[in-house]
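Here is how names work: the chains are called A, B, and so on, in the same order as the sequence lines, proteins then strands, and each is numbered from 1.
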There are 2 protein chains.
Amino acid sequence: MNPERRSPAAEPAADPASGPSGSRAATLHDVALQAGVSLATASRVLNGSERKVAEGFRERVERAAEALGYTPNVSAQATARGRSPVIALLVADIADPYFGQIAAGVARGADEHGLVVTISITERDPDREQRILRALRGQRPQGLILAASRADLASSPGTSPVELEAFERYGGRVVAFGEGQEVGEGRTARSVVLDNGGGAEELGRRMAALGYRTAIGIGAASGVRTSDDRLGGFARGFESGGGRMDRILRGDFRRESGAAAMTEALTEGVEPGTLVFAMSDVVALGAISAIREAGREIGADIAVCGFDDVPASGDVTPALTTVRLPLNEAGYQAFRAIVDDDWIQAALPIEVVVRASTPGLVQGR
Amino acid sequence: MNPERRSPAAEPAADPASGPSGSRAATLHDVALQAGVSLATASRVLNGSERKVAEGFRERVERAAEALGYTPNVSAQATARGRSPVIALLVADIADPYFGQIAAGVARGADEHGLVVTISITERDPDREQRILRALRGQRPQGLILAASRADLASSPGTSPVELEAFERYGGRVVAFGEGQEVGEGRTARSVVLDNGGGAEELGRRMAALGYRTAIGIGAASGVRTSDDRLGGFARGFESGGGRMDRILRGDFRRESGAAAMTEALTEGVEPGTLVFAMSDVVALGAISAIREAGREIGADIAVCGFDDVPASGDVTPALTTVRLPLNEAGYQAFRAIVDDDWIQAALPIEVVVRASTPGLVQGR
DNA sequence: TTGAAAGCGCTAACAG
DNA sequence: CTGTTAGCGCTTTCAA
């Protein structure tokens with residue numbers, strides 16, 4: 001006889017008054033015992049999919065579970081089933097509203113499916129990302145969502161694809177923001193694509209149409225995909241409308257970076273009527289503060305536009321012209337891409353939002 | 001003989017070229033086999049804490065693990081060890097910058113300790129929170145951080161404490177934002193307290209000193225702790241300085257709510273020189289937009305102040321007077337409260353930040 | 001239908 | 001120091 005590995009759950013197992021710690025959580029075993037059924041039966045009524053348990057037993061088990069406050073141990077279920085209910089989300093910085101909204105979308109989807117989302121912060125550091133990916137693999141997540149645009153995930157022939165391949169090998173699905181993420185052997189991950197290039201191009205055209213002829217770009221380091229796409233798209237559109245990109249300043253995705261870049265530009269000199277295009281609203285907000293500090297005016301003097309349409313963009317004065325991205329929806333799509341076998345990539349609507357920070361120029365030039 | 005439960009890992013187990021799915025991840029067993037050592041030894045060098053493996057074996061194991069791309073299965077480790085490496089974070093809305101910053105702080109701490117953070121969204125719905133708590137228990141997290149201020153978690157003698165008690169019973173630690181969260185049997189959870197009342201009181205005093213005499217408050221439903229504390233504190237300070245709270249409008253924590261409340265107030269009439277205190281910056285921003293839309297001016301006409309000092313508050317024009325909270329640090333503290341046995345509650349610095357949205361009144365009244 | 005028993009991948013006594 | 005061998009809590013054949 002061996003089922004008595006521990007003391008029988010007969011009495012104290014469910015006693016809520018036992019010490020804060022030390023006591024243990026009720027197990028399936030406890031429930032089965034209390035209900036007078038086998039482990040298998042208890043498992044079937046509580047967690048098994050196909051129902052085929054006599055009503056009488058089912059009731060007793062449910063009652064017992066209720067009485068004991070039983071909750072299945074997710075880790076144990078995961079080891080036994082060979083798959084865990086987690087979706088791992090990788091973002092650069094969860095405090096950044098851009099990622100915050102994406103995360104909200106992912107969480108919404110996961111919640112609908114009873115999955116848990118785990119979140120990791122890369123801080124845009126490739127090494128860090130690498131380590132995280134490795135550790136994440138240990139969770140054997142059903143899906144991995146890469147929302148953290150790293151410099152060259154796709155182009156680096158190095159380690160990353162290998163790491164991602166490992167996920168797919170055991171059946172985990174990798175979804176990336178932005179097209180073309182390799183996952184080894186020439187295969188690419190499913191991807192949620194926000195048409196950064198297209199949106200920026202349209203923005204550039206609109207700005208040119210407004211009469212702007214000279215623009216300064218503020219981006220991240222060259223090679224950072226998102227930034228490159230936006231800057232490139234903007235230049236294309238702006239130039240097609242007769243404008244010219246005067247120069248491009250480099251920094252990162254933080255507000256301070258935008259302020260620093262702008263300060264630098266102002267030092268070198270910025271003519272009235274110039275337009276500043278920052279590749280993200282957060283950076284644009286930083287640029288705006290720098291412009292103000294330099295005693296210049298936003299709008300007629302120096303116009304500014306950004307990208308993302310984070311909530312704050314509508315609140316500043318003058319309100320920021322930008323490109324609206326359906327970030328929450330994008331996060332949700334990423335989630336669907338993981339759970340739907342027949343998922344097909346849907347285009348996400350992007351929209352240019354012209355506001356007061358880029359007033360129309362009365363006279364050209 | 002039974003160790004050959006599966007086909008020996010001798011050949012294809014590690015073949016990176018095998019199909020995307022279908023193949024399985026390398027197990028400790030595979031590593032041990034390849035290294036020619038026992039499972040126990042492999043476990044010791046790879047995951048065991050106390051080192052006591054001969055250099056030769058250690059190397060062989062490490063080499064094998066490397067070659068196979070082995071990563072320990074977290075779920076299996078969790079079941080075997082009886083504790084899982086997860087910290088569960090409960091927030092109302094991850095897209096809200098308030099929670100985003102807290103989450104960043106928690107993630108920072110977790111990362112330092114190799115723990116994974118799991119995030120759940122309550123949407124401030126008590127039932128939802130209840131369900132989530134229940135499901136979360138299944139993860140047997142080492143810690144549970146309640147950052148989602150629910151209406152009356154603490155005061156409701158109902159279900160919640162019971163649910164939380166379950167966590168503590170098996171050794172999980174519960175940390176709450178805000179004091180006095182019960183976890184059953186009269187015990188309270190460790191708490192990270194942001195002195196909402198004190199900060200608001202100081203703000204109220206400062207506003208009174210600036211010459212304001214009449215204020216309108218915008219809060220969440222009565223009973224919501226955070227909101228009550230802030231509103232109450234502000235009233236105390238403001239009145240101590242000779243001001244008077246004219247009325248309090250109710251809504252929730254969203255921007256639109258602030259706009260709606262303010263619109264209502266404006267309909268009823270708001271005299272020039274009135275100060276509006278919104279219990280959160282996000283709500284204040286909504287109020288500001290409503291004031292503008294009504295054709296009134298922020299500052300000299302209707303002054304506005306908020307609470308939190310989210311990044312956007314410094315970017316709006318006029319910049320918003322508010323109370324700065326060290327949210328990232330608070331999140332980090334919450335994490336420490338979980339992992340440090342001898343954690344002691346540290347006071348978090350709160351600071352009133354007076355900006356242009358509340359210019360000094362030249363003449364009293 | 002139900003239950004016995006063999007796993008899932010890993011850890012942790014306990015002997016050698 | 002190393003290997004054997006029970007577990008951890010749950011799922012899932014496979015007979016009965």
Roughly, in whole Å, what's the span from NE2 in A:H29 to P in D:dC8? 9 Å

Would you mind reading off the distance between B:L39 atom CG and C:dG9 atom C1', rounded to a whole angstrom? 9 Å

Selected nucleotide, minimal atom distance to B:A76 side chain, candidates C:dG3, D:dG9, C:dC10: C:dC10

Please tabulate, one pair per line, each protein N/O and nucleotide N/O from nucleotides 14-16 of chain D that are separated by under 3.5 Å, including the distance.
none

Specify the separation, in whole Å, of atom CG of B:N47 and atom C1' of C:dA12. 13 Å

Sequence neighbours left out, what passes side chain to side chain contact (heavy atoms under 4.5 Å, CB included) with A:R63? Give chain and number order. A:E59

If you only use heavy atoms from C-beta on, which nucleotide in C:dA12, C:dT2, D:dT11 is closest to the side chain of A:R81? D:dT11

Using the side-chain heavy atoms of B:T41, tell me which of these nucleotides is nearest: D:dC10, C:dG3, D:dT2. D:dT2

Mind calculating the distance between CG (A:D30) and C1' (D:dC8) to the nearest angstrom? 13 Å

Please confirm whether the backbone N or O of A:P141 pairs with a side-chain atom of A:Y170, one donor and one acceptor, at under 3.5 Å? yes

Do the side-chain N or O atoms of B:Y70 get closer than 4.0 angstrom to the phosphate oxygens (OP1, OP2) of C:dC10? yes

What's the closest nucleotide to the side chain of B:V37 if the choices are D:dG3, D:dC1, C:dG9? D:dG3

Please tell me which of the listed nucleotides, D:dC1, D:dG3, D:dC8, lies nearest to the side chain of B:S38? D:dG3

Output the rounded distance in Å from CD (B:Q77) to C1' (C:dA12). 13 Å

Closest to side chain of B:A40, choosing from D:dC10, D:dC8, D:dT4: D:dT4

Between B:F57 (CZ) and D:dC1 (P), how many Å, whole number? 12 Å

Does B:S43 have a side-chain nitrogen or oxygen under 4.0 Å from the phosphate oxygens OP1 or OP2 of C:dC10? no

Between D:dC10 atom P and B:Q139 atom CD, what is the distance in whole Å? 14 Å

Tell me, please, which residues at least two apart from B:A337 pass side chain to side chain contact (heavy atoms under 4.5 Å, CB included). B:V175, B:R190, B:W343

Any donor and acceptor pair, going by atom type alone, linking the side chain of A:D30 with main-chain N or O of A:T27 inside 3.5 Å? yes

Under a 4.0 Å threshold between the charged nitrogen and the carboxylate oxygen, would B:D340 count as salt-bridged to B:R173? no

A:R128 side chain to A:I121 main-chain N or O, any donor-acceptor pair under 3.5 Å? yes

To the nearest angstrom, how far is A:K52 atom NZ from C:dG3 atom P? 14 Å

Given C:dT2, D:dC8, D:dT2, which nucleotide is nearest the side-chain atoms of B:T79? D:dC8

Nearest of C:dT2, C:dT11, D:dT11 to any side-chain atom of A:L28? D:dT11

Has A:S84 got a side-chain atom pairing as donor or acceptor with A:A78's backbone, closer than 3.5 angstrom? no

